[in-house]
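Report on one structure; see the data block that follows.
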Amino acid sequence: MAYDFSGKTALITGSGRGVGRVTALHLARQGADIIINYLRKKTAAEETAHEIEALGRKVLLVRADMGEPEDIDRLFSEIESNFAGLDILVNNAASGYARGVMEQKVKGWDWTMNINARAALFTSQKAVPLMQKRGGGYIVNVSSIGSVRTLPDYVVIGASKSALEAITRYCAVEFSNFNIVVNAVSPGIIDTDALNYFNLSREVMVEGAAARTPAGRIVQPQDVANCIAFLCSPDASMIRGQVIVIDGGYLIAVT
């Protein structure tokens, strides 16, 4: 379903590639101006920006490490300088140390929690005054089914996503006073470059997930983008603090 985001401004963190890129393009096609955030893949982010510009949308490209509070401050300063406000925030940027429990270290824990959970808290905090200028807004946090299920080499990432879902609930309650709707999406296994960081081969993970998914295929980035767009529309205004699972039935299947 198409929504009209004309005149809206959306920040999608980690939007140079993967789910973030597809979400940025999806919102842009429906009229939104976009702030693209990236850290390392500058070329990919620039290509995404060019595609958005070709759609006739305004685009701001900002390199910022979401694990660093100073970078978050700078990101929002640039947004405030370039736009009159903010309507949509998608906390998509994520990272993590894909290792078993016995191989984890304090550095990996801190890195993962800071990018996956702490950043969402403080980007949301920074977004509030910009959204108040527009009379309200929408925040969607991108979680993972690893927040509620054990996955191989996923302990600190799973813990960070559980924290992210808690942050979602707290923000949903407190931000309702500002007419800001907050929810999360929790995708199943998606065939993106992120799978390359796990010990199991990408092909094994994708084929295994598809085989046990009732929908007959794994989740695609566009599936996630579609749900995010819905949650950023007036149709979802009474959905608050929820975690919407997008997995084609993967978690409920009996295998």
Side-chain angles (χ1 to χ4, degrees), residues 10-27 32 34-39 41 45 48 64-67 72 75 86 88-96 98 111-124 126-127 137-149 151 154 156-172 175 180-195 197 218-233 236 239-248 250-251:
L11 163 62
I12 302 95
T13 67
S15 47
R17 57 199 177 113
V19 169
R21 174 184 182 278
V22 173
T23 300
L25 287 166
H26 188 57
L27 296 180
I34 305 293
I35 300 105
I36 296 174
N37 157 250
Y38 75 99
L39 179 57
K41 304 292 185 179
T48 302
D65 182 349
M66 303 312 293
I72 292 174
L75 168 62
L86 186 68
I88 294 168
L89 166 62
V90 180
N91 282 307
N92 168 75
S95 188
W111 170 272
T112 306
M113 293 297 291
N114 289 347
I115 293 176
N116 296 359
R118 188 180 74 182
L121 174 61
F122 291 105
T123 54
S124 297
K126 289 282 186 181
Y138 299 87
I139 299 174
V140 180
N141 298 321
V142 180
S143 186
S144 160
I145 60 172
S147 66
V148 294
R149 294 289 191 274
L151 302 175
Y154 210 74
V156 297
I157 305 172
S160 71
K161 294 299 189 178
S162 294
L164 178 63
E165 292 179 8
I167 290 167
T168 299
R169 290 186 287 271
Y170 279 94
C171 288
F175 292 179
I180 296 173
V181 177
V182 186
N183 288 291
V185 294
S186 179
I189 293 174
I190 310 174
D191 189 9
T192 66
D193 290 345
L195 296 184
Y197 296 97
I218 65 169
V219 178
Q220 298 297 319
Q222 189 64 52
D223 297 318
V224 183
N226 291 343
C227 189
I228 290 173
F230 164 67
L231 291 173
C232 294
S233 76
I239 302 174
R240 307 217 177 186
Q242 301 303 306
V243 180
I244 310 300
V245 176
I246 311 167
D247 70 346
Y250 180 90
L251 289 182

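Partners of Asp247 according to the side chain to side chain contact (heavy atoms under 4.5 Å, CB included) rule, which considers only residues two or more places apart in sequence or in another chain, are Val245, Tyr250, Leu251. Legend: residues meeting side chain to side chain donor-acceptor pair (under 3.5 Å) with Asn141, ordered by chain and number and at least two apart, are Asn91, Thr168. Remark: Asn226 pairs with His26, Gln222 by the side chain to side chain donor-acceptor pair (under 3.5 Å) rule, at least two apart or across chains. By the side chain to side chain contact (heavy atoms under 4.5 Å, CB included) test, Ser144 pairs with Tyr154, Lys161, sequence neighbours left out. In this structure, the side chain to side chain contact (heavy atoms under 4.5 Å, CB included) partners of Ala159, at least two apart in sequence or on a different chain, are Trp109. Taking Glu165 as the reference, Ser143, Ser147 meet the side chain to side chain donor-acceptor pair (under 3.5 Å) condition, with sequence neighbours excluded. Here Leu39 pairs with Arg63, Asp65 under the side chain to side chain contact (heavy atoms under 4.5 Å, CB included) rule; sequence neighbours left out. By the side chain to side chain donor-acceptor pair (under 3.5 Å) test, Ser186 pairs with no residue at all, sequence neighbours left out. Under the salt bridge (charged side-chain N to carboxylate O under 4.0 Å, His left out) criterion, Asp223 pairs with Arg217, sequence neighbours left out.
The main-chain N or O of Ala64 is found under 3.5 Å from a side-chain atom of Asn37 such that the two form a donor-acceptor pair.
Rounded to the nearest 0.5 Å, atoms CD1 (Ile139) and CD1 (Ile88) are 11.0 Å apart. Note that the CD1 atom of Ile157 and the CG atom of Leu151 stand 9.0 Å from one another [nearest 0.5 Å]. Rounded to the nearest 0.5 Å, atoms NZ (Lys126) and CG (Leu86) are 13.0 Å apart. If you take OH on Tyr38 and OG1 on Thr48, they are separated by 11.5 Å, rounding to the nearest 0.5 Å.
Met66 is listed as a side-chain neighbour of Leu75, based on a closest heavy-atom distance under 4.5 Å. Counting only heavy atoms from C-beta outward, the side chains of Ser15 and Asn92 never approach each other to under 4.5 Å. Side-chain contact between Val22 and Val224: absent, with no pair of heavy atoms (C-beta onward) separated by less than 4.5 Å. Residues Val142 and Ile228 meet the side-chain proximity criterion, which asks for heavy atoms closer than 4.5 Å. Looking at heavy atoms from C-beta onward, Ile239 lies out of side-chain contact with Val181 at the 4.5 angstrom threshold.
Contact detail for Ala93 and Thr13: the closest heavy-atom pair is N-OG1, 2.9 Å. The minimum heavy-atom distance between Ala127 and Leu89, with the atom names listed, is CB-CD2, 4.0 Å. Counting all heavy atoms, side chain and backbone alike, Cys227 lies closest to Ile246 at CB-CD1, 3.5 Å. The shortest non-hydrogen separation linking Ser95 to Trp111 is OG-NE1, 2.8 Å. Between Ile190 and Pro221, the closest heavy-atom pair is CG2-CD, 3.7 Å. The shortest heavy-atom contact between Leu164 and Asn116 is CD1-O, 3.7 Å.
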Derivation and outcome, side chain to side chain contact (heavy atoms under 4.5 Å, CB included), residues Ile34 and Ile12: CA-CA 8 Å; Ile34 305 293; Ile12 302 95; 3.9 Å; yes
Test side chain to side chain contact (heavy atoms under 4.5 Å, CB included) applied to Asn183 and Ile244, step by step: CA-CA 8 Å; Asn183 288 291; Ile244 310 300; 5.5 Å; no
